[in-house]
Amino acid sequence: ERGHGPYQPHEPGYGLYQPGYSPYDDQIPNPDSRMLAIQNAKAYLLKSSTTSGLNLYDHLANVLTKILDEQPTNAVDIIENISKDVKWAQFRKKMDTLRDEYEILPRFEAAEKRKALFLKANGEEDEELEEDIGETPLPNVMETAFYFEQAGIGLSKDESYHIFLALKKLISVQPIQTCRFWGKILGLEMNYIIAEVQYHEGEEEEETEEEEVTEEGGKGGGEVEDEEEEKEKEDEPPKSTYKPPPVIPKEENGTGANKYVYFVCNEPGKPWVKLPPVTPAQIVCARKIKKFFTGRLDAPVVSFPPFPGNEANYLRAQIARISAGTQISPIGFYQFAEEEGDEEEEVEGGRDTYEENPDFQPLSVAEMVDSPSTWVHHVQSILKQGRCVWLNPFQKSEEEEENEEEEKAEEPDVLQQELQQEIGPPLLTPLSEDEGIQNIPAWTAQLSTNLIPQYAVAVLQSNRWPGAFAFASGRKFDNIYFGWGHKYSPENHAPALPPPVQAEYPSGPEITETRDPTLEEELAFKAAREEALAAAEEEEEEDEEGIEDDEEEDDD
Amino acid sequence: MEASWLPAALELAAGGGAGLSPEKRAVLGSSLLLLQRDYRFERVWFWGCIQGVRGAYYIAEGLGPDRAAPRSRLYSLNCVEWNLLPPVTEEMVTQAEHLKGRFQGDPSFEYEYTEINAEDAERLFEDGKEPMIKEEARLVATIEQIDRAVGIIPRGAFVKTPLGSVHENRNFEGLSLTEAKKLSSYFHFTEPVNLKNKTLLEKADLDPSTDFLDSLEHDIPQGSWTVQLEKGGTVVVLRSLLWLGLTFYHVPMTKQYGYVYFGTGEKNLDLPFML
């Protein structure tokens, strides 16, 4: 074994003893071997690692260079992290070009689209000079955003401006009479920005053609099925007695729930997509389900009860419900148009048109906040049926059934009598009629600021549809929605249970099971039968053998 | 979010439509600074706002030298004067879980216990107290629940020193874009629950200084976070679906990140039906 001597650099214990204090000082090696020791030390430091290919000498040089360049405070506390970062930087360089090519593309594309919003088309400059700027259907989104911002509601200014320009683009493409930024609905993968639009009269696109085609296709299918059934007269399963409830037709474009047309886009810069009109069945189903939006309009809505449509229809139905429940205006801003035919309209279910009141006197902001009766709904509420104007679905069905070949003689007379006209609150009802949920009022009213009441804005938040806001200040008011698109309910959502299983067949005595007869009953029955047969034997001698055979079989 | 980043952060987190009015923004700049001075916090975070029926609570959190220690929470009704909330206890949390419905907006409002176990009722009656909870206690419990469930930070933003305390990582330069879109790059900033359940192989890959928290990958139910790129792909925004209103933003390759809550303070228990 070697004794403890002057430690060489590669030995443990080297460096523990300070020069001058080591017990072996009198044995210090001569300067030549000190140079040798230094060279050995440096050679050791320059040795490359077998796993990473780096060597300690270069690494320490890099670390010290980095520290001296950047001069961080308290460098000694973060020295390990700096060392790790230097090592990480070694690998970054090689992968840099690859990652850059891959990553940047989608971001740059999005930026291109947003920039395109800001470019003016060539022909636009001349047109703008001709048009009277005061009559443009473009809403002043920034002004509305300013008022909502006073209450702490709204998107960032950048996004609002992009939406402004996107709306301008929409107006230049479609023949639009009025346009409004309705709001933003959040989704899982992407969000929706929604614009509420009214076309010029007579310029609506013809969508009714598509629906008629699908109806005829359905009828054609029904006729084919009838023929097949007539062919298979043997072993026919009993026909189903199920009659689906009559389909309630949707309201015409321009009236009721379909008064406005809605366009959506995922981000400002992307093309606007028109949402289809809403049908009552969709509204009724949308009331029963609660699903997040994914952000893709063609995504299926998987739910129970099954939603008749895809996400575009569900979105449209929710927009209709939110509009009907939360679009409000200060009282007096809108008034009913005074026409001679007022009485007729009332009979049908209430007035559905209004116009701006030229003599509107705005109330003070404090009054708007204090009492909910200073606000009114200016969108018709949706009845339970799913429409704004009630329609009896059985009037039409009688005509249809007369034309069909099959005789469905059993008319659902009972159902007809049970359907009563549904009445909802008439247009322009004040908010004080809104029911709250449990002990929470339907609306929360606040002033935007308590410090400067002269310029405060009255802000209302809906508690039934969280995310719906309205503001009023002088003659200006507006509504907006920012949220996930669902109604508030303090109780947890309980999905509808599947309906009970239908009875397959009416149970009667011929198919109900009865208890098997006991032995005594069988013997008694057999005895009684033999007596009857003995009486019959005398009358008919031909059947004797047949009956006896039967009796033998029965004994088995 | 950090109080000093408030103006820029509100712009980035405003995708959900909720934010602060200019008046509140202006006053928060100074009142949060004064909070830091009065309570000797090292960092002050603006946590967010819980909307009650009649008023709103604005919440701030103060952090001491160890960022992972229990934080002091303060609330204010107008962003000018702040009141310290009592520290949270497990009992408060369990009591508050029974409560449903909106916050009222009045801190001294007392809720009546409508649904309680027979055992709890007996226990409470023995103490001589009636089963009432103050809204303050519910507020504390809700904030704690939200922080525990959905308070998140990007991976690498905080480091654990060998002594056990947690600091901001001054070398954190931000997540890259590909990393930022993955749920595994974000951690819950609370006591880890799942960490010890990982297999030894997984643990070997972890870096004990930065990977000492649970990541979002294994959150139940799956899909309770939405990850989106906003503002033309420059900001990554995570929104929680379990506590609707919690928004986390991060600008990739920069140090900017933070989370803020603007909502009603109610847990979304319908989440499994809605996905």
Side-chain angles (χ1 to χ4, degrees), chain A residues 72 78 80-82 84-85 99 102-103 106-107 109-111 113-114 149-159 183-184 186-191 267 269 289-292 303 438-441 444 446 448-452 461 463 466-467 480-484 486 488 490-493 495, chain B residues 10-25 27 49 51-56 78 100-102 104-105 159 161 167 169-173 176-178 207 209 223 225-234 239 241 244-245 252 262-264 266 268-271 273-275:
Chain A
I78 52 174
E80 290 87 2
N81 283 340
I82 295 177
K84 217 174 11 154
D85 280 345
R99 249 199 269 158
Y102 168 74
E103 268 183 344
R107 275 204 284 182
E109 276 181 14
K113 281 195 197 136
R114 290 161 93 88
E149 195 195 353
Q150 299 302 306
I153 299 153
L155 306 170
S156 62
K157 291 230 177 53
D158 284 356
E159 201 167 347
K184 182 173 179 185
L186 303 170
L188 296 182
E189 295 166 26
M190 290 183 281
N191 306 322
E267 268 193 7
I289 64 176
K290 195 172 180 188
K291 294 289 254 177
F292 278 123
S303 65
Q438 289 183 352
N439 52 352
I440 306 170
T444 300
Q446 283 172 345
S448 64
T449 164
N450 291 326
L451 298 174
I452 309 178
Q461 300 177 15
N463 292 326
I480 209 158
Y481 182 86
F482 292 114
W484 296 89
H486 298 115
Y488 173 71
E491 301 303 322
N492 296 338
H493 170 71
Chain B
L10 283 175
E11 289 276 317
L12 294 171
L20 292 176
S21 64
E23 181 192 323
K24 300 274 182 311
R25 242 181 270 189
V27 75
C49 165
Q51 199 63 245
V53 175
R54 291 195 289 267
N78 52 9
K100 285 191 204 174
R102 300 276 304 269
Q104 292 296 322
V159 277
T161 60
H167 293 291
N169 182 4
R170 300 228 310 276
N171 273 350
F172 177 61
E173 292 290 340
S176 64
L177 197 59
T178 38
D207 180 0
S209 63
W225 289 94
T226 71
V227 183
Q228 286 173 4
L229 286 174
E230 293 207 352
K231 280 183 169 288
T234 50
R239 293 203 179 90
L241 300 176
L244 288 175
F262 283 107
T264 59
E266 286 168 298
N268 181 20
L269 290 168
D270 300 333
L271 183 58
F273 293 116
M274 295 167 77
L275 285 174

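The line from CG of B/Leu10 to CZ of B/Phe262 is 5.5 Å long, rounded to the nearest 0.5 Å. Atoms CD and CD, on B/Glu23 and A/Gln150 in that order, are 9.0 Å from each other to the nearest 0.5 Å. Here the CD1-OH distance, from A/Ile153 to A/Tyr481, works out to 13.0 Å after rounding to the nearest 0.5 Å. Rounded to the nearest 0.5 Å, atoms CG (A/Asp158) and CG (B/Leu12) are 9.5 Å apart. The distance from atom CH2 of A/Trp484 to atom CG of A/Asn191, rounded to the nearest 0.5 Å, is 7.5 Å.
The side-chain heavy atoms of A/Pro441 and B/Val53, taken from C-beta on, include a pair separated by under 4.5 Å. Taking the side chain as every heavy atom from C-beta outward, B/Leu229 and B/Leu177 approach each other to under 4.5 Å. Two residues are said to be in side-chain contact when any heavy atoms from C-beta on lie closer than 4.5 Å; B/Met274 and A/His486 meet this criterion. Residues A/Pro466 and B/Leu244 are not in side-chain contact: their nearest non-hydrogen atoms beyond the backbone lie 4.5 Å or more apart. Using a 4.5 Å cut-off on side-chain heavy atoms (C-beta onward), B/Leu271 and A/Phe292 make contact.
Residue A/Ser448 touches chain B through its backbone alone, counting heavy-atom pairs closer than 4.5 Å. Looking at B/Glu173, there are no atoms closer than 4.5 Å to chain A (heavy atoms on both sides), in backbone or side chain. For A/Leu188, the parts lying under 4.5 angstrom from a heavy atom of chain B are both the backbone and the side chain. Only the side chain of A/Lys184 comes within contact range of chain B, with heavy atoms under 4.5 Å apart. Contact of B/Glu11 with chain A is made through backbone and side chain together, with heavy-atom distances under 4.5 Å. Residue A/Ile480: no heavy atom, backbone or side chain, is found under 4.5 Å from chain B. Only the side chain of A/Glu267 comes within contact range of chain B, with at least one heavy atom under 4.5 Å from a heavy atom of that chain. Looking at A/Glu189, only its backbone comes within 4.5 Å of chain B, counting heavy atoms on both sides. If you measure heavy-atom distances from B/Arg239 to chain A, the contacts under 4.5 Å come from the side chain alone. Contact annotation for A/Glu80: neither backbone nor side-chain heavy atoms come within less than 4.5 Å of a heavy atom of chain B. At a 4.5 Å heavy-atom cutoff, the contact between A/Lys84 and chain B is made by side-chain atoms alone.
Among the candidates B/Asn268, B/Asp270, B/Thr226, the residue making the largest number of heavy-atom pairs closer than 4.5 Å to chain A is B/Asp270. When B/Asn169, B/Thr264, B/Val159, B/Leu20 are compared by the number of non-hydrogen pairs under 4.5 Å with chain A, B/Leu20 comes out ahead. Chain A forms more heavy-atom pairs under 4.5 Å with one residue of B/Ala14, B/Gly55, B/Gly17, B/Ala13 than with any other, namely B/Gly17. Options B/Gln104, B/Arg170, B/Lys24 differ in how many heavy-atom pairs under 4.5 Å they form with chain A, and the most are formed by B/Arg170. By number of non-hydrogen pairs under 4.5 angstrom with chain A, the leading residue of B/Gln228, B/Glu230, B/Glu266 is B/Gln228. With respect to chain B, the highest number of heavy-atom pairs below 4.5 Å among A/Gly483, A/Ala111, A/Pro495 belongs to A/Pro495.
Side chain to side chain, B/Asn171 and A/Asn81 fail the donor-acceptor criterion of an N or O pair below 3.5 Å.
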